[in-house]
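These notes are about the structure you will find just below.
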2 protein chains.
Amino acid sequence: MTYIDQLKAYYERVTEECVSGLSLDCVIFGFHDTRLKVLLLKWKDTNEWSLPGGFIYKTESVDTAAGRVLRERTGLDQLFLQQFHLFGDAVRYDTDDTWQRLKMPMKYGVNWPDRTISMGYYALVDYTKVTPAVDFMSDECCWWDVADLPSLLYDHRHIIDVALKTLRLQLNWQPIGLNLMPEKFTIPELQRLYEAVLDRSLDARNFHKKITGLNILTRLDERRTGGAHKSPYLYQFDEVNYQKALINGSLNFV
Amino acid sequence: MTYIDQLKAYYERVTEECVSGLSLDCVIFGFHDTRLKVLLLKWKDTNEWSLPGGFIYKTESVDTAAGRVLRERTGLDQLFLQQFHLFGDAVRYDTDDTWQRLKMPMKYGVNWPDRTISMGYYALVDYTKVTPAVDFMSDECCWWDVADLPSLLYDHRHIIDVALKTLRLQLNWQPIGLNLMPEKFTIPELQRLYEAVLDRSLDARNFHKKITGLNILTRLDERRTGGAHKSPYLYQFDEVNYQKALINGSLNFV
DNA sequence: GCAAAAGTGTTGCAGATACACCCATGG
DNA sequence: CCATGGGTGTATCTGCAACACTTTTGC
């Protein structure tokens, strides 16, 4: 089966079995090397990047669809995806331009609507645990620095901007990190994450005081050695207390 | 044109001109007599209540559609409607039961989807400025106490619960009241609003200190007379500073 | 031994809470 | 004149921000 046949079959299936005119897009944040990253797919045989997105089966919950689409398109599973905005402008982007950039060999189909409304979801994942696997439509799936994104298809740049704004707001109320950090990490590493999300530097002493005061971290009897300089303690999240803190919304770093 | 003809024409038009399978519902909050209220419509010739909702034209922005739907169904205009959740469960409610309760004389039409996904919007309005006017599908439009709602159609009870939760969260970050209070009001009256939204009592002295400290109120040279007891000062919102406070998100009443 | 990062404690300030009394008004 | 609600100030506590020096490690 050629790529074009696959693509045709895919859009036929979507037209027949999915909710028409509604899609969803996932903004997946990761963290690596002091930088906040976002997961993007490159369309096959092009140099064009976009968010992993897809469609909702007619008998499927939209939230469930978000998890399935992400799994199918990137191999990522079991994420806590969160709704953040419905992108429903009458004209979201230049469709002709997008069409050209995608080098789409055919039109979608007769019943395809003129415009698509998209629900935005976001999630935070541990960069180290992820081995993205691409689907047939893409030939690369990689992490991009949010501060240094390529030109994106559709209105996906805007979608990422809104997701980032939501994430920063979220940070005022909820601890983040459980899903973004590796299992064991040092406090300065966690601080780098907060700094990357907030895009400003934090005071190390106050950060240490605050984060340990939340009782969501357990200090291990291990240190990170091998790096230069003083070796820091390793910590891990206390999942029970972490969940409690999430519910109370007891963290405020603004 | 009979009611049934009207209804048929309406659903034909929706099927043809609107986005299929996607609707929107508006939760309109008002405040009166120390109680938080929500605006509901009663379906013609039934005793069944629901939120004002409707559909999105194929070439219309979803946010714009929310404003139009609300205007068409209730006469309310120029509200600041805010997205709060997409209700997209595979089975949102018992369709047969709903159908029976609505006493629908006909099926919607051949191309009508089996399930509808709905975007929830909410808004806050000044109860006194509103003279709801019903559309042809409804024979009443009134305010109901959120603590004493009738049995609702669809999953609208759930939608109201989620809207309320969002409103309470909102209150932590943004001043509310400009849209919920009459032009002139007393501080104790405003306190009643906060108490109604938060569903708990607040200390009058601290409330006074906090709300006046925000510089969003202007004290007038008038007092409310006519009621029993000491006559309180009247205030009005300073709209410029109110907008500033909204942007900063500088209010925290939790 | 030296450069670089980790670890730690105190103080001041601002905002939140808790709390009690006098005042004005209508009935 | 009295019952009711309106108006006001103070003391305390808590949480955040600002700030500097010592320790450890690899090179």
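Quantities reported herein were computed from a predicted structural model and do not represent experimental measurements. Each chain gets a letter, A, B and so on, in the order its sequence line appears, and its residues count up from 1.
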Within this structure, what is the CD-to-P distance between A:Gln191 and C:dT8, rounded to whole angstrom?
14 Å

With a cut-off of less than 4.0 Å, is there a side-chain N or O of B:His208 near OP1 or OP2 of D:dG6?
no

Starting from P on C:dA18, measure out to CG on B:Leu202 and report it in whole angstrom.
11 Å

Measuring from B:Leu76:CG to B:Cys141:SG, what's the distance to the nearest 0.5 Å?
7.0 Å

Filtered N/O pairs between nucleotides 9-14 of chain D and protein, under 3.5 Å:
| unit_1 | atom_1 | unit_2 | atom_2 | d |
| --- | --- | --- | --- | --- |
| D:dT10 | O4 | B:Lys209 | NZ | 2.9 |

Would you please name every residue forming a side chain to side chain contact (heavy atoms under 4.5 Å, CB included) with A:Arg71, sequence neighbours left out?
A:Arg68, A:Asp77

A:Lys210 side chain near D:dC16 phosphate (N/O to OP1/OP2, under 4.0 Å):
yes

Partners passing side chain to side chain contact (heavy atoms under 4.5 Å, CB included) against B:Ala66 (at least two apart in sequence or in another chain):
B:Leu24, B:Leu81, B:Tyr121

Specify the separation, in whole Å, of atom CG of A:Leu190 and atom C1' of C:dA6.
15 Å

What pairs with B:Asp199 under salt bridge (charged side-chain N to carboxylate O under 4.0 Å, His left out), at least two apart in sequence or on another chain?
none

Euclidean distance, atom CG of residue B:Leu214 to atom P of C:dA14 [Å, nearest integer]
16 Å

Side chains of A:Thr225 and A:Ser231: any donor to acceptor distance under 3.5 Å?
no

Euclidean distance, atom CD of residue A:Glu189 to atom C1' of C:dA5 [Å, nearest integer]
12 Å

Should the pair A:Phe87 and A:Phe84 be assigned to parallel (<30°), tilted (30 to 60°) or perpendicular (>60°) ring geometry?
perpendicular

How close or far is atom P of C:dA24 from atom CG of B:Leu234, stated in whole angstroms?
17 Å

Indicate every side-chain donor-acceptor pair of residues 36-43 of chain B with a distance under 3.5 Å to a residue at least two apart or in another chain.
| unit_1 | atom_1 | unit_2 | atom_2 | d |
| --- | --- | --- | --- | --- |
| B:Lys42 | NZ | B:Thr46 | O | 2.8 |
| B:Lys42 | NZ | B:Asp139 | OD1 | 3.1 |
| B:Trp43 | NE1 | B:Ser50 | OG | 2.9 |

Tell me the interatomic distance from B:Ile211, atom CD1, to C:dG15, atom P, rounded to whole angstroms.
15 Å

Contact list please: residues 218-231 of chain B against DNA chain D, heavy atoms, distance less than 4.0 Å, in numerical order.
B:Arg219, B:His229, B:Lys230

B:Ile176/B:Leu124 under side-chain contact (heavy atoms from CB on, under 4.5 Å): CA gap, chis, key distance, verdict:
CA-CA 8 Å; B:Ile176 63 168; B:Leu124 311 175; 4.0 Å; yes

Aromatic plane relationship, B:Phe185 with B:Phe237 - under 30° parallel, 30 to 60° tilted, over 60° perpendicular
tilted

